[in-house]
Amino acid sequence: MNHAQTTKAFFKDPQRVGWHDNALWYVRSKRDKAANQVKDWEYLKDAGAAIKQHTLAHLDKYLQNFEDNAQQNGVHVHWATDAQEHNQIVHRILAQKGVTRIVKSKSMLTEECGLNPYLESNGIEVIDTDLGERIVQLAKESPSHIVMPAIHKKKEEIDTLFQEHLHTAPCGGDPLYLTREARKHLREKFLNAEAAITGVNFAIADNGAIVVCTNEGNADMGVQLTDLHIACMGIEKVIPSMEDLGVFIRLLARSATGQPITTYTSHFIRPKPNATMHIVIVDNGRTRQMARSDFKNSLHCIRCGACMNTCPIYRRSGGHSYDATIPGPIGSILSPGIDLKKYSSLPFASTLCGSCTEVCPVRINIHDQLYKWRQIISVDGNFPIGKKVSMKITGYILARPRL
Amino acid sequence: MTTGLFIPCYINQFYPQVAIATLELLKKIDVSFVYPANQTCCGQPMGNAGLEKYACGTSQLFVDNFHDFDRIVAPSASCVYHLRHHMDPSIDPAVKSKIQSNIFELCDFIYNHLNIKRLDAVFPHKVSVHHGCHGLRGLRIGHPSEVPGTGISPDTELLRGVKNIDLLPTRRTDECCGFGGTFAIEEDIISVRMGEDKLKDVMDSGASVITSSDMSCLMHLDGIIRRKRYPVSVMHVAEILNYNGGKL
């Protein structure tokens with residue numbers, strides 16, 4: 001992929017570029033207001049970064065603590081090295097119970113692992129229950145943003161999409177009507193589901209609980225209505241204690257949407273009576289990223305999406321232009337670690353303005369890492385030979401004032 | 001106290017009037033300085049392109065030209081940022097650290113280092129200030145909009161002291177102009193769009209001049225202004241601070 005090329009698709013409609021830019025700038029402005037209302041916001045960010053840094057330095061210990069405590073709570077814990085193993089584990093759990101209909105709340109990890117197509121090819125119906133994710137699922141697209149998956153779609157387009165799939169009446173993009181129809185549609189899916197899959201925002205080592213943050217309550221709905229709960233998480237989601245959780249809960253929603261807190265902050269500690277709960281802990285390249293000292297702290301990421309909302313390039317090129325599960329600035333430092341040659345253009349899809357680094361609630365030096373990836377890509381990645389030659393000549397001439 | 005004047009390559013080539021304004025300004029405030037004749041570039045074009053290794057020659061040349069000075073001044077925040085953060089690893093650490101702690105962007109130098117809070121200038125025009133990213137977020141000259149609270153920015157403070165100037169606020173004061181060096185070539189569609197959006201914001205404010213402590217941002221915007229024939233012009237902040245009220 002080449003970001004400059006994929007951007008062209010978004011620019012076919014220049015007015016949409018402006019609309020998308022303004023929509024995300026509005027979210028960024030809400031974030032600014034929310035951050036301004038917290039005394040010592042920058043100190044809170046320091047605390048978030050320090051906790052993440054500490055946890056990553058002792059990741060083995062905290063993951064084991066978490067596993068022990070979760071098991072004591074009666075939860076089954078599984079470990080997956082990569083996406084394939086993750087998908088196989090989830091499928092095996094579902095197959096053992098003969099489950100064919102599941103509801104899933106938002107999980108970027110399952111997107112990363114390609115869980116939906118895997119389960120669907122095994123005859124299981126997967127319904128994404130986050131409204132934005134359901135919209136992109138119906139449109140057979142991928143999320144363009146990690147917090148607002150359908151932010152690239154206008155309400156009129158959703159109107160048309162719902163007419164086709166949910167047989168709604170034309171409504172000129174009336175958000176209230178569309179939301180109510182989506183609710184009806186999802187309610188039926190919830191009531192018929194046999195299992196629920198959720199993501200994990202935070203996994204608490206010292207009590208074995210997982211915490212899921214949603215605005216729609218869809219994670220709770222799925223878990224409460226079914227007897228089988230599978231939660232999927234990356235290894236970097238673990239934090240030491242409930243005390244630490246407070247820091248991240250204060251940072252997350254404010255950074256993401258400017259809300260003081262998400263509508264639901266759900267703690268899942270143990271299975272309901274007569275129900276089963278599983279947690280799948282996935283590496284899928286994360287330990288490889290941890291071993292790269294310059295890029296290690298990209299694993300601090302709590303998936304708030306603030307760097308996307310502030311990025312002047314993301315706002316004008318749309319999430320799909322990054323052709324990756326995680327788009328935007330954070331995606332541009334994660335993706336090259338997954339496939340350097342494929343994603344060679346992403347670290348260059350930036351002016352290095354540094355706004356991403358400023359908004360990051362866990363102090364990931366994103367723009368510095370973009371600069372560092374560039375140096376690696378010029379050696380080992382896909383790098384235009386013309387640029388290499390012209391820069392070599394430029395460097396040569398500028399080092400010789402007499403020329 | 002010896003002072004070296006660094007005029008970045010693109011200013012020397014394309015905007016000599018900015019170099020002259022800087023020079024006259026320094027003379028007005030009685031800073032005696034030396035302009036090493038063999039200077040060229042900070043190395044940023046190669047570094048940002050992912051080819052830091054081709055900037056070792058320019059880094060060495062910069063060191064040869066400037067290592068003796070007690071302080072170095074440049075009318076370009078972006079170049080100062082590059083020298084402070086990305087000077088070639090082959091440079092002797094002691095020399096490097098001396099240069100990195102003694103190099104200043106012009107307005108930062110005047111306002112914070114020399115503690116001169118007001119300059120004698122007259123500029124009877126409507127002006128909007130663009131806070132370049134490298135100066136603002138990189139060098140922390142000013143207060144980025146992402147950070148809670150308020151702060152002052154030396155270029156704006158110095159401009160406030162200019163007689164008859166009308167400083168007009170924009171909606172997105174520190175949104176990037178879209179230049180980004182080779183980004184402007186590789187990602188030209190977005191780069192141009194960012195520049196257009198910036199300029200529309202400036203024109204909506206009613207300003208007829210956009211100024212900045214970073215000439216590279218202004219160079220990018222200048223190109224778009226010429227192509228689109230927008231009724232606004234660019235001026236480096238040194239040009240305004242050195243202005244005596246005559247016709248533009």
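Every chain is numbered from 1, with letters handed out A, B, ... down the list of sequences.
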What's the separation between atom [atom1] in [X] and atom [atom2] in [Y], rounded to the nearest 0.5 Å?
X	Y	atom1	atom2	value
B/H85	A/D368	NE2	CG	8.0 Å
B/R137	A/L352	CZ	CG	12.0 Å
B/R172	A/W25	CZ	CH2	5.5 Å
B/M46	A/I393	CE	CD1	12.0 Å
B/I189	A/Q5	CD1	CD	8.0 Å
A/I397	B/C41	CD1	SG	11.5 Å

Region of [X] that comes under 4.5 Å of a non-hydrogen atom in chain B:
X	answer
A/H3	both
A/Y371	side chain
A/A349	both
A/K33	neither
A/V17	both
A/S350	backbone
A/F10	neither
A/D40	neither
A/T7	side chain

Check the surroundings of atom [atom1] in [X]: do more than 12 heavy atoms from other residues, nucleotides or ligands lie under 6.0 Å from it?
X	atom1	result
B/Y35	OH	yes
A/Q53	CD	no
B/R227	CZ	no

Handout entry: Salt bridge B/E146-A/R31, side-chain N to carboxylate O under 4.0 Å
Key =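 Between A/R31 and B/E146 there is no salt bridge, as every charged N stays at least 4.0 Å from the carboxylate O atoms.
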
Practice task
Flag the pair A/R316 and B/E175 as a salt bridge only when some basic side-chain nitrogen lies within less than 4.0 angstrom of an acidic carboxylate oxygen.
Solution key: yes

Fill in the blank from the handout: Assert top hit (heavy-atom pairs under 4.5 Å, partner chain B, pool A/I313, A/T310, A/L370, A/I376) equals A/I313

Practice task
Report the option among A/K387, A/K8, A/R400 that has the most heavy-atom pairs separated by less than 4.5 Å from atoms of chain B.
Solution key: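 Going by pairs under 4.5 Å, I would pick A/K387.
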
Handout entry: Shortest non-hydrogen separation from B/C176 to A/P312 and the atoms involved
Key =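 Minimum heavy-atom contact is CB-CG, 4.2 Å.
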
Tell me, out of [options], who's got the most heavy-atom pairs with chain A below 4.5 Å.
options	result
B/G149, B/P148, B/C133	B/P148
B/S191, B/G181, B/S145	B/S145
B/G47, B/C9, B/P45, B/A55	B/G47

Are the side chains of [X] and [Y] in touch, meaning some heavy atoms are under 4.5 Å apart?
X	Y	value
B/L51	A/K392	no
B/R193	A/D21	no
B/V147	A/W41	no
A/R315	B/D197	no
B/E186	A/P384	yes

Handout entry: Those residues that, when tested against A/R288, pass salt bridge (Lys or Arg N to Asp or Glu O under 4.0 Å) (two or more places apart)
Key = none

Handout entry: Residue part contacting chain A, namely of B/S59, when any heavy atom lies under 4.5 Å
Key = neither

Handout entry: N/O donor-acceptor pair under 3.5 Å between B/T58 side chain and A/L398 backbone
Key =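 Answer holds: no.
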
Practice task
Check for a donor-acceptor pair, side chain of A/Q375 on one end and backbone N or O of B/E52 on the other, with a separation under 3.5 Å.
Solution key: yes

Practice task
Could you note down all residue pairs passing ring-ring contact (aromatic ring centres under 6.0 Å, His included) where residues 171-203 of chain B supplies at least one of them, sequence neighbours left out?
Solution key: B/F179-B/H220

Handout entry: Short side-chain donor-acceptor distance under 3.5 Å, B/R171 and A/S29
Key =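 B/R171 and A/S29 do not have a side-chain donor-acceptor pair below 3.5 Å.
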
